[in-house]
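Throughout, protein chains are lettered first and strands after them, A, B, ... in sequence-line order, and every chain is numbered starting at 1.
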Amino acid sequence: MTDAVVTRFAPSPTGFLHIGGARTALFNWLYARGRGGTFLLRIEDTDRARSTKEAIDAILDGLKWLELDWDGAPHFQHEGAERHREIAERLLAEGKAYKCFATPEELAAMREKARAEGRAPGYDGTWRDRDPSEAPAGVAPAIRFRAPREGETVIEDRVQGRVVFQNKDLDDLVLLRSDGSPTYMLSVVVDDHDMGITHVIRGDDHLTNAARQSQIYEALGWARPVFAHVPLIHGPDGAKLSKRHGALRIEAYRAMGYLPEALRNYLARLGWSHGDDEIISTEQLLEWFDLDGIGRSPARFDFKKLEHLNAHYIRESDDEALVQRIKDLLPEREDGAALLSEINDEGWEKLHRAMPGLKARAKTLVELIDNARFLFARRPLTLDPKAAKVLDETARKHLAALAERLKALETWDIEAIEAAVRDYADRAGLKLGKIAQPLRAALTGRTVSPPIFDVLAVLGREESLARIADQAG
RNA sequence: GCCCCCUUCGUCUAGUGGUCAGGACGCCAGGUUUUCAACCUGGAAACAGGGGUUCAAUUCCCCUAGGGGGUGCCA
């Protein structure tokens with residue numbers, strides 16, 4: 001079991017779970033689950049002031065919706081503060097860290113000066129070798145890491161390859177703040193080590209941190225995990241993904257009617273590939289996903305492609321599951337509650353029966369709901385402009401005549417209905433479309449709908465005839 | 001400013017020292033069809049630029065440009 005994989009998703013709860021975080025979580029999940037390993041969740045809340053309960057809930061909900069399950073309870077980083085402090089003290093005792101009495105003002109001035117002189121704006125090491133006895137009174141010190149000043153730190157990254165950093169470019173980072181709280185940089189290293197993380201898969205905005213963390217591992221004598229820094233996802237304009245690009249929280253995708261399996265497929269293909277394969281089930285992803293397939297360049301999010309995949313997965317879903325998803329989704333939609341209250345058991349039954357025709361023509365669940373509205377509409381139907389146009393004088397006359405034929409039907413099933421309508425069209429010397437469109441307009445109020453005979457059958461004899469009568473002339 | 005990373009159709013990508021540079025989304029045209037989808041067929045569409053190395057570079061090296069990330073007592 002020494003080679004068992006342990007990955008983690010470690011978001012900081014200072015914002016919501018966005019698409020980039022979701023992909024990082026997915027990659028970690030796939031890598032671990034695909035190899036019988038362990039996938040852990042760690043909330044990086046060492047910045048107490050900026051961490052919120054709402055953000056934590058949003059992250060948990062988002063992962064649950066995406067069906068990315070983690071092992072055990074979520075680990076809250078701040079709860080390990082004691083342990084993290086211990087390690088900082090150990091480093092201090094070993095001379096691998098030191099107390100820094102610089103005040104925020106001094107640090108700001110230092111940065112200002114460095115920039116003016118065109119130097120790296122990092123900490124200049126003022127207290128690195130100064131005796132603590134020279135400390136000014138009343139200033140609580142921060143503990144800084146005594147980073148190597150010469151030589152280089154090399155990261156053998158599974159995605160980025162061999163990345164070399166000159167140690168002179170990396171300054172002495174803070175391990176423990178002056179209030180005694182551990183910083184992220186210390187906590188990640190200690191937690192990843194303590195939790196037995198074997199593979200750190202995260203956004204490449206952490207690449208420089210990997211070098212700093214690497215130095216801490218070195219100082220502690222701990223083995224480093226395998227690093228895999230994945231390029232970030234960009235907005236449609238190529239810039240960093242931000243709120244400006246609209247709905248980006250993961251809940252937003254759910255509300256827009258995307259299926260988690262579609263999002264997983266899409267996200268997996270964004271930055272990772274397996275030859276020419278595009279439609280890849282989660283089972284297949286688990287089997288195929290590997291760090292080697294991750295590309296090195298950033299990708300842009302493309303809704304069109306997501307929609308295409310979503311349409312595919314909607315078509316593949318079974319009818320009952322889709323009904324359930326719609327029941328779950330409706331409360332989240334603005335006008336959903338109203339619609340929900342209008343659908344009784346019979347309505348749900350109709351939706352279920354109409355599902356084969358509906359799911360074949362919807363790119364999202366929201367679109368599907370919209371296309372299903374005619375099922376629950378109350379008579380007389382409101383016609384959209386195009387439908388109203390279809391129902392001209394002639395069309396209405398045909399509807400009246402056709403209604404007589406339909407009334408005479410012994411059984412109200414698709415075969416019988418279709419036979420009757422086709423026969424009527426034949427006798428009237430009309431192409432089927434000439435009678436199908438007016439029927440569609442009268443029954444759904446629109447010019448686009450599932451196949452018309454399905455509509456007749458699902459609506460039932462009584463409702464169908466009544467709707468036709470409403471429009472017949 | 002400094003450090004690091006990236007660059008194949010509009011987008012996601014495959015790919016190799018010699019390929020008609022492949023697929024997918026989207027787009028256009030046609031087919032099928034009771035509408036719309038789906039589906040089928042066809043089409044337009046890319047190796048950022050410049051130097052090398054080489055018999056031969058999209059592929060290897062260097063430079064430039066462009067993009068991104070980092071540069072906190074944030075994570």
* Asked: Within a strict 4.5 Å, meaning less than it, do heavy atoms of the Ile143(A) and Arg85(A) side chains meet?
  -> no
* Pi-cation contact, Phe16(A) with Arg249(A) (under 6.0 Å, within 45°) -> yes
* Name the nucleic acid region contacted by Arg446(A), choosing base, sugar-phosphate or nothing; use a 4.0 angstrom heavy-atom cut-off, strictly under. => nothing
* To do: Look at all strands and tell whether Ala102(A) reaches a base, only sugar-phosphate, or nothing, counting heavy atoms closer than 4.0 Å.
  => base
* Quickly work out the Asn265(A) CG to C12(B) C1' distance and round it to whole Å. => 12 Å
* Which base sits across from C2(B) as a Watson-Crick or G-U pair, both distances under 3.5 Å? -> G70(B)
* Quick one: are the ring centres of Tyr253(A) and Phe301(A) less than 6.0 Å apart? -> yes
* Base-pairing mate for U7(B) - Watson-Crick or G-U, with both contacts under 3.5 Å -> A65(B)
* Figure out the CG/P separation between Leu232(A) and C12(B), and round it to whole Å. => 14 Å
* Asked: Of Arg144(A), Arg128(A), Arg146(A), which meets side chain to side chain donor-acceptor pair (under 3.5 Å) against Asp172(A)?
  -> Arg128(A)
* **C61(B) and C27(B), which share atom name C1', separated by this distance in whole Å** => 39 Å
* Would you classify Arg50(A) as touching base, sugar-phosphate or nothing, given that sugar-phosphate means primed atoms plus P, OP1 and OP2, and contacts are heavy atoms under 4.0 Å? => base
* State whether the side chain of Asn310(A) and the backbone N or O of Lys363(A) hold a donor-acceptor pair below 3.5 Å, judged by distance alone. => yes
* **Length of the line joining Asp276(A):CG and G22(B):P, which is rounded to integer Å** => 11 Å
* Under a 3.5 Å cut-off for both distances, is A46(B) Watson-Crick or wobble paired, and to whom? -> none
* Interatomic distance at P, A57(B) relative to U19(B), whole Å -> 11 Å
* **For A75(B), the Watson-Crick or wobble counterpart (both distances under 3.5 Å)** => none
* Contacts to RNA chain B from residues 363-371 of chain A, heavy-atom cutoff under 4.0 Å, which residues? -> none
* **Partner nucleotide of A29(B) by Watson-Crick or wobble geometry (both distances under 3.5 Å)** => U41(B)
* Nearest-angstrom distance, C1' atom, C2(B) to U16(B) -> 37 Å
* Asked: What nucleotide among A14(B), A24(B), C6(B) has an atom nearest to a side-chain atom of Gln160(A)?
  -> C6(B)
* Any Val200(A) side-chain heavy atom under 4.5 Å of His206(A) side chain -> no
* Between C12(B) and C47(B), how far is it from one C1' atom to the other, in whole Å? -> 16 Å
* Can you tell me the distance, in whole Å, between the CH2 atom of Trp288(A) and the P atom of A14(B)? => 15 Å
* To do: Would you classify Leu107(A) as touching base, sugar-phosphate or nothing, given that sugar-phosphate means primed atoms plus P, OP1 and OP2, and contacts are heavy atoms under 4.0 Å?
  => base
* How many Å lie between CG on Asp171(A) and P on G1(B), as a whole number? -> 20 Å
* Asked: Which part of the nucleic acid, if any, lies within reach of Gly295(A) when heavy atoms closer than 4.0 Å are counted: base, sugar-phosphate only, or nothing?
  -> nothing
* Atom pair distance, as rounded to whole Å: CE in Met110(A) and C1' in U71(B) -> 15 Å
* Identify whether any heavy atom of Ser181(A) sits under 4.0 Å from a base atom; if not, whether one sits that close to sugar-phosphate; answer base, sugar-phosphate or nothing. => nothing
* Asked: Is Ser178(A) touching bases, backbone alone, or none of the nucleic acid, heavy atoms closer than 4.0 Å?
  -> base
* Asked: Distance only, no hydrogens: is a donor on one side chain within 3.5 Å (strictly under) of an acceptor on the other, for Ser187(A) and Gln77(A)?
  -> no
* Separation of the P atoms in G1(B) and C39(B), to the nearest angstrom -> 50 Å
* Asked: U58(B) and G49(B): how far apart are their P atoms, nearest whole angstrom?
  -> 9 Å
* Can you tell me how far C1' in G26(B) sits from the matching atom in G43(B), rounded to whole Å? -> 14 Å
* Counting only side-chain N and O atoms of Thr208(A), is one of them less than 4.0 Å from OP1 or OP2 of U71(B)? -> no
* Asked: Which nucleotide sits closest to the side chain of Pro298(A): C6(B), U11(B), C2(B)?
  -> C6(B)
* To do: Can you see which heavy atom on Glu44(A) is nearest to which on Pro13(A), and at what distance?
  => O-CD, 3.3 Å
* Would you indicate what Val421(A) reaches in the nucleic acid, counting non-hydrogen atoms under 4.0 angstrom: base, sugar-phosphate, or nothing? => nothing
* Asked: Between C4(B), G26(B), C12(B), which one does the side chain of Val163(A) approach most closely?
  -> C4(B)
* Measure from CG on Leu207(A) to C1' on G68(B) and round the result to the nearest Å. => 12 Å
* To do: Going by the side chain to side chain donor-acceptor pair (under 3.5 Å) test, name the single residue among Asp192(A), Asp191(A), Asn28(A) that passes it with Arg8(A).
  => Asp192(A)
* To do: Verify the contact: side-chain N or O of Arg269(A) to OP1 or OP2 of U13(B), cut-off strictly under 4.0 Å; return yes or no.
  => no
* Asked: Would a line drawn from the ring center of His229(A) to the ring center of Phe227(A) be shorter than 6.0 Å?
  -> yes
* Should C55(B) form a Watson-Crick or G-U wobble pair with both distances under 3.5 Å, which nucleotide is its partner? -> G18(B)
* To do: Please measure how far the C1' atom in G17(B) lies from the corresponding atom in C55(B), and state the result in whole Å.
  => 11 Å
* Identify, between Gly275(A) and Leu306(A), the residue whose nearest nucleotide on RNA chain B lies closer to the 5' end. => Gly275(A)
* To do: Establish, yes or no, whether a centroid distance under 6.0 Å links the rings of Phe39(A) and Phe9(A).
  => no
* From the options A75(B), C12(B), U11(B), select the nucleotide whose nearest atom is closest to the side chain of Asn209(A). => A75(B)
* Main-chain N/O of Leu175(A) paired with Thr183(A) side-chain donor or acceptor, under 3.5 Å -> yes
What does the list of N/O pairs under 3.5 Å between the protein and nucleotides 31-40 of chain B look like, with a distance for each?
from, atom 1, to, atom 2, distance (Å)
U34(B), O2, Arg440(A), NH2, 2.6
U35(B), O4', Gln437(A), OE1, 3.1
U35(B), O2', Thr447(A), O, 3.0
U35(B), N1, Arg440(A), NH2, 3.2
U35(B), O2, Ser449(A), N, 2.9
U35(B), O2, Ser449(A), O, 3.0
U35(B), N3, Arg440(A), NH1, 3.3
U35(B), N3, Ser449(A), O, 2.7
U35(B), O4, Pro451(A), N, 3.3
C36(B), O2, Arg361(A), NE, 2.4
C36(B), N3, Arg361(A), NE, 3.1
C36(B), N3, Arg361(A), NH2, 2.6
C36(B), N4, Arg361(A), NH2, 3.3
A37(B), O2', Ala360(A), O, 3.2

* Whole angstrom value for the distance that separates C1' of A24(B) from CD of Glu278(A) -> 4 Å
* How about Thr46(A) and His78(A): does a side-chain donor come under 3.5 Å of a side-chain acceptor? -> no
* Asked: Do the side chain of Arg296(A) and the base of C6(B) come within less than 3.5 angstrom through a donor-acceptor pair of N or O atoms?
  -> no
* Can His206(A) be said to stack with the base of A75(B), given centres closer than 5.5 angstrom and planes under 30 degrees apart? -> yes
